[in-house]
Amino acid sequence: MTSTALRHTARALSAAVCLTLSAALPAAADGAAESETATGRTVISTGHVDIGPRFAEDGWTVQIHDGTAHPAVWRDTDDVVLQVGDPARIEAPGGEEFGFLGDSGDDVWVLPQAQQEGVVWPGWNSQDAEVTASVVREVTWELTDVTGPGDFVLFLNGAFGTPETVFDSTARLPQETGIDVNTHVHGNWAFTEPGTYLLDMRMKATTKQGRTYDSRRTLHFSVGPQDPEKAFTASDSAGSDEDRKTRNSPAHARTDGSPDSPGSSTALWWGIGAVALVGATALIAVRRRRSRRRGGREEPAPAAETDAPAAGKGETDEPA
């Protein structure tokens with residue numbers, strides 16, 4: 001299993017695969033980057049959505065690009081619940097590589113890297129027109145906190161189907177990855193128990209003019225048969241101590257599952273192999289960074305990633 005301290009790059013398998021997948025995808029951000037933010041709450045249980053930074057009405061922020069609307073729109077993260085229903089429930093394959101999903105045969109809810117009918121398909125992109133024009137090289141994406149009844153893992157299908165972890169709530173937080181400018185990526189979003197999950201995240205970047213932008217937002221997921229509306233009103237302080245499982249210490253790390261063979265239920269999403277979904281450049285790069293470890297040894301951060309604490313949309317610091 002790839003350590004949370006590793007940095008990796010996931011790229012398209014070949015030009016042929018890229019062209020095939022590109023033709024099958026709805027536009028990720030075409031025409032929507034300059035639109036106003038849509039209002040009103042919505043539960044999305046199927047179709048294509050992306051999380052990404054953009055320069056909206058009030059400046060730099062992280063929003064959800066809702067491709068299920070016609071035309072597609074951007075929405076505030078607090079106005080969206082991503083519902084992970086029964087079609088996403090599979091049996092964990094077990095084995096050393098997939099032990100983070102639980103023991104063989106355990107129920108796990110997975111929003112897969114490859115699009116599947118009847119399941120919401122979340123990705124992430126950095127294709128806002130102003131972002132692509134002004135940001136230097138990449139956007140830094142951090143997972144800062146996770147609240148929920150079980151574990152959360154975001155992982156990619158690597159070479160020969162080997163999982164490559166982007167975020168893992170059982171490891172120390174915060175964790176971070178880099179999103180190259182003008183890219184569009186999908187991964188596997190896995191949840192080990194039904195219930196409401198809140199993923200606190202942060203996206204920051206530095207422009208060519210030396211200004212740093214920073215936005216902190218929360219993603220709302222409703223997993224399993226519960227009423228998804230509950231996820232709108234959930235907060236980090238809600239629920240009992242037993243229900244709240246924020247993973248900030250290696251002591252919470254779970255052991256790998258038994259070395260059983262993967263179950264047949266995984267074939268629906270895992271047999272596709274190393275799928276890479278492409279943006280305008282037909283190239284996807286996901287850079288895995290060393291996580292900033294609280295109370296541990298830190299890796300020095302490049303100057304371009306220095307930022308001031310952000311309270312909301314459009315908060316910036318002064319140019320360097």
Side-chain angles (χ1 to χ4, degrees), residues 4 37 40-45 49-53 61-66 74-85 88-89 100-101 107-111 119-124 140-155 165-177 187-204 214-249 252-254 291-292 294 309-313:
T4 58
T37 302
R41 289 178 168 178
T42 184
V43 174
I44 303 176
S45 60
V49 299
D50 283 314
I51 298 105
T61 187
V62 177
Q63 293 186 332
I64 292 176
H65 182 256
D66 180 5
W74 287 94
R75 302 183 187 274
D76 286 331
T77 61
D78 285 340
D79 286 340
V80 177
V81 167
L82 299 179
Q83 185 176 16
V84 189
R89 182 165 57 92
F100 60 89
L101 294 178
D107 283 343
V108 60
W109 286 258
V110 178
L111 301 177
V119 176
V120 65
W121 191 35
W124 54 99
T140 298
W141 180 18
E142 292 184 0
L143 178 69
T144 60
D145 203 6
V146 176
T147 303
D151 303 327
F152 160 71
V153 181
L154 175 60
F155 64 100
T165 304
V166 179
F167 295 132
D168 182 353
S169 71
T170 67
R172 184 177 296 178
L173 298 173
Q175 298 162 17
E176 70 174 42
T177 189
N188 303 287
W189 304 67
F191 305 87
T192 62
E193 299 289 343
T196 294
Y197 290 77
L198 303 178
L199 310 185
D200 291 343
M201 52 177 288
R202 175 186 188 186
M203 287 190 181
K204 58 185 180 179
D214 190 335
S215 178
R216 301 171 190 260
R217 288 291 177 267
T218 299
L219 301 180
H220 299 246
F221 288 85
S222 177
V223 179
Q226 70 168 1
D227 179 0
E229 296 286 336
K230 293 180 179 178
F232 281 121
T233 56
S235 66
D236 286 347
S237 59
S240 65
D241 290 340
E242 289 79 16
D243 291 335
R244 180 178 172 83
K245 293 191 176 182
T246 301
R247 313 296 191 171
N248 288 326
S249 169
H252 291 293
R254 183 172 57 186
S291 59
R292 306 284 196 271
R294 288 198 292 263
K313 286 187 190 176

side-chain contact (heavy atoms from CB on, under 4.5 Å) between F232 and V43, worked out: CA-CA 9 Å; F232 281 121; V43 174; 3.8 Å; yes

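- For the pair T77 (side chain) and T218 (backbone), a donor-acceptor distance under 3.5 Å is present.
- A distance-only check finds a donor-acceptor pair linking the side chain of H220 to the backbone of A231 [under 3.5 Å].
- The ring-ring contact (aromatic ring centres under 6.0 Å, His included) test with F191 is passed by exactly one of F100, F221, W109: F221.
- If you take CG on L199 and CZ on F152, they are separated by 5.0 Å, rounding to the nearest 0.5 Å.
- Here the CG atom belonging to D168 is positioned 7.5 Å from the CG atom belonging to D151, to the nearest 0.5 angstrom.
- Closest non-hydrogen pair, V166 versus Q175, comes out as O-OE1, 4.2 Å.
- For the atom pair CD1 of I44 and CH2 of W121, the computed distance is 14.5 Å after rounding to the nearest 0.5 Å.
- The distance from atom OG1 of T42 to atom CD of Q83, rounded to the nearest 0.5 Å, is 10.5 Å.
- Taking both residues in full, the closest heavy atoms of V62 and R217 are given as O-CG, 3.5 Å, listed atom of the first, atom of the second, then distance.
- D79 meets the salt bridge (charged side-chain N to carboxylate O under 4.0 Å, His left out) test with no other residue; sequence neighbours excluded.
- Heavy atoms only, all atoms of each residue included: D200 and L143 are closest at O-CD1, 3.6 Å.
- The shortest heavy-atom contact between G195 and P149 is CA-CG, 3.9 Å.
- Taking the six-membered ring where the residue is Trp, W189 and W124 present perpendicular rings, their angle passing 60° and hence far from 30°.
- Rounding to the nearest 0.5 Å gives a distance of 13.5 Å between CZ of R216 and CE of M203.
- The nearest pair of heavy atoms linking G150 to Y197 is N-OH, 3.2 Å.
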Mind running side-chain contact (heavy atoms from CB on, under 4.5 Å) on D76 and Q63 for me, showing each step along the way? CA-CA 5 Å; D76 286 331; Q63 293 186 332; 2.9 Å; yes

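- A salt bridge links E142 to K204: at least one charged side-chain nitrogen sits closer than 4.0 Å to a carboxylate oxygen.
- A heavy-atom distance below 4.5 Å is not found between the side chains of L82 and L219.
- Distance NE2/H65 to CD1/I51: 12.0 Å, rounded to 0.5 Å.
- Screening V146, L154, V153 for a side chain to side chain contact (heavy atoms under 4.5 Å, CB included) involving F167 leaves a single residue, L154.
- Taking all atoms of both residues into account, the shortest heavy-atom contact from L101 to T192 is O-CG2, 4.2 Å.
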